[in-house]
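Have a look at the structure below, then the notes.
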Number of protein chains: 2
Amino acid sequence: MTERRSFVRAGEETRRAALIDATLDLIAEGGPQAATVRAIALRAGVTPGLIRHYFDTKEDLVAAAHETLMNGLTEASAAQLDELPDDPLARLAGFVGNAVSPPVTDPRGVALWAASMQLVPRDSAMRAVHEATYLGFRGRLEDMICEALHAAGRPTQSSRALAIAGNALLDGLWIEAGALPGHFAPGELKSIAINAFSRLLELELPEG
Amino acid sequence: MTERRSFVRAGEETRRAALIDATLDLIAEGGPQAATVRAIALRAGVTPGLIRHYFDTKEDLVAAAHETLMNGLTEASAAQLDELPDDPLARLAGFVGNAVSPPVTDPRGVALWAASMQLVPRDSAMRAVHEATYLGFRGRLEDMICEALHAAGRPTQSSRALAIAGNALLDGLWIEAGALPGHFAPGELKSIAINAFSRLLELELPEG
DNA sequence: TTGGTAATTGTGCAAGTGTATAATTACTGC
DNA sequence: GCAGTAATTATACACTTGCACAATTACCAA
């Protein structure tokens, strides 16, 4: 009578990954409210009951999802460095431009970032990851700034302040691009970012 | 038998303010999930039904709460500017400095802002308020930038781009101040912000 | 081929959600 | 004082949520 749906046994790693992916997708699209057990299971091509088989509770699943998200972010921003040019000025300009252009600017990313941001004050593990990610990005930026200044024969003593300001500028532009899609013409933010960096460092960065 | 609880009629403004305060407190403490109609009413010393009497829907209440929060931050950034000399440069510097100093920088405010960012994708009322408050702050900043440039005898045609960049810079610094309290010395962000603006506008802003 | 096992499904439930609405009550103007 | 009115409460409802648990079924080993 009531025919059960057929299924395949997929093993622990596959299923956990699928559930985590579905969770991240849903949070990115509609915020945490949208990530219900039923919606997650549906998107993962699975039945709600299975979630409980791999995660003791839904909180555990969400926590695991955030962990993989953060790990992915750090890896992604590190990988992108190799493709930049060698010339310090062009390298910095490329880095800055990438940070405020697709695919880095993406409403999904901003929504996910906001969701995890909200856990930072309450969750010490989350705070540690946030700190490490932030300082890692800022450190890379500071290195590039130093190299660019050095190549132009300029002193580098205020690089910390410049990196903090530059990082804040990129963060803000990234958020605005993600939170208000359609408010900016394509390439407008990139141009704004590079021009702003040129003035911040008093250097001529190529817009490329 | 069933004795109704006694109450006092408090008038529209009082009640709306109380409900909004309760909403903000709850979201700050436990995220958007914690702000249920019952919890809000309890904290506001009121019955859940009353919410519907002052707000058509719960979404409206949350959006109104976000609006008062953001407008409060904008006003706090503009506070005490009148006491400054009537100099556009000093006014802009004061505004910039305020925006990245206590009480504007505050972990609670950042947490609330992050919480509302997760509501924006699904909640249309929230999206409208977000857009309006963002453009409101940026508009004020752009006005001040224009006045400062004009006072220095400089062209103002690129004020839009400068306002976008300046706003992003302030947003980023504000977020980091709230998310990583203790990472910056008192006054460090203010100094960084004013110096960065000086370079962005190619003007000498007083650090006050 | 056949059990055995664990992955997976389906159903049900108790608690919590936002909202609608009628019943009450405090205050206002006369 | 006294009606009228709007603020406030109380109750009910339809719906969603996370979770528990028994029933099933795909796969594996022998």
Side-chain angles (χ1 to χ4, degrees), chain A residues 1-27 29-66 115 119, chain B residues 1-24 26-27 29-66 115-116 118-119 122-126:
Chain A
M1 304 250 174
T2 55
E3 298 178 355
R4 286 202 158 206
R5 59 189 275 190
S6 67
F7 60 93
V8 287
R9 300 169 99 114
E12 178 155 355
E13 298 168 42
T14 311
R15 282 280 129 92
R16 290 179 71 100
L19 289 171
I20 286 176
D21 279 356
T23 304
L24 289 178
D25 278 355
L26 287 166
I27 293 179
E29 286 171 18
Q33 328 90 34
T36 68
V37 283
R38 286 167 179 79
I40 294 170
L42 181 66
R43 166 114 16 160
V46 148
T47 293
L50 194 62
I51 291 181
R52 271 275 303 174
H53 190 254
Y54 286 113
F55 298 92
D56 278 354
T57 176
K58 190 201 157 192
E59 271 192 18
D60 287 355
L61 167 55
V62 174
H66 273 120
L119 301 179
Chain B
M1 285 274 174
T2 54
E3 298 179 357
R4 286 203 158 205
R5 59 186 276 187
S6 66
F7 60 90
V8 287
R9 298 168 101 116
E12 178 154 353
E13 299 167 40
T14 311
R15 282 279 130 93
R16 289 178 72 99
L19 289 171
I20 286 175
D21 280 357
T23 304
L24 290 177
L26 286 167
I27 293 180
E29 287 171 17
Q33 329 87 28
T36 69
V37 283
R38 285 165 180 83
I40 294 170
L42 181 65
R43 165 112 20 157
V46 147
T47 290
L50 194 62
I51 291 180
R52 276 273 305 171
H53 190 254
Y54 286 113
F55 298 91
D56 278 354
T57 176
K58 191 201 157 192
E59 277 193 8
D60 287 353
L61 167 55
V62 174
H66 183 237
S116 36
Q118 3 182 346
L119 300 178
R122 271 278 169 95
D123 188 330
S124 61
M126 207 69 198

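Model, not experiment: these values are computed from the prediction. Letters A, B, ... are given to chains in the order of the sequence lines, protein chains preceding strands, and every chain is numbered from 1.
For the atom pair CG (L19(B)) and OG1 (T14(B)), the distance works out to 10.5 Å, reported to the nearest 0.5 Å. Going from atom CD of Q33(A) over to atom CD of Q33(B) covers 8.5 Å, rounded to the nearest 0.5 Å.
Listed by residue number, T47(A), G49(A), L50(A), H53(A), Y54(A) are the residues of residues 47-61 of chain A with a heavy-atom contact under 4.0 Å to DNA chain C.
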Assess whether side-chain contact (heavy atoms from CB on, under 4.5 Å) is satisfied between H66(B) and L119(B), documenting all intermediate values. CA-CA 11 Å; H66(B) 183 237; L119(B) 300 178; over 6 Å; no
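Projected onto DNA chain D by closest heavy-atom contact, F7(A) and V37(A) fall at different nucleotides, the more 5' of which corresponds to V37(A). Nearer the 5' end of DNA chain C, as judged by each residue's closest nucleotide, is the contact made by G11(A), out of A35(B) and G11(A).
Listed nucleotides dT19(C), dT25(C), dC13(C) differ in distance to R38(B); the shortest reach to its side chain belongs to dT19(C).
The shortest heavy-atom contact between A65(B) and I20(B) is CA-CG2, 3.7 Å.
In this structure, the CG atom of L42(A) is 16 Å from the C1' atom of dT17(D), given to the nearest Å. Between the CZ atom of R122(B) and the P atom of dT16(D) there is a distance of 13 Å, rounded to whole Å. As a whole-Å value, the separation of I40(A) CD1 from dG18(D) P is 7 Å.
R4(B) contributes a side-chain N or O that forms a donor-acceptor pair with the base of dA23(C) under 3.5 Å.
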Let me check something: any side-chain donor-acceptor pairs from residues 54-62 of chain A under 3.5 Å, sequence neighbours excluded? List them with distances.
unit_1	atom_1	unit_2	atom_2	d
K58(A)	NZ	A35(A)	O	2.9

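E12(B) meets the salt bridge (Lys or Arg N to Asp or Glu O under 4.0 Å) test with R16(B); sequence neighbours excluded.
The phosphate of dT8(D) has OP1 or OP2 within less than 4.0 Å of a side-chain N or O from R15(B).
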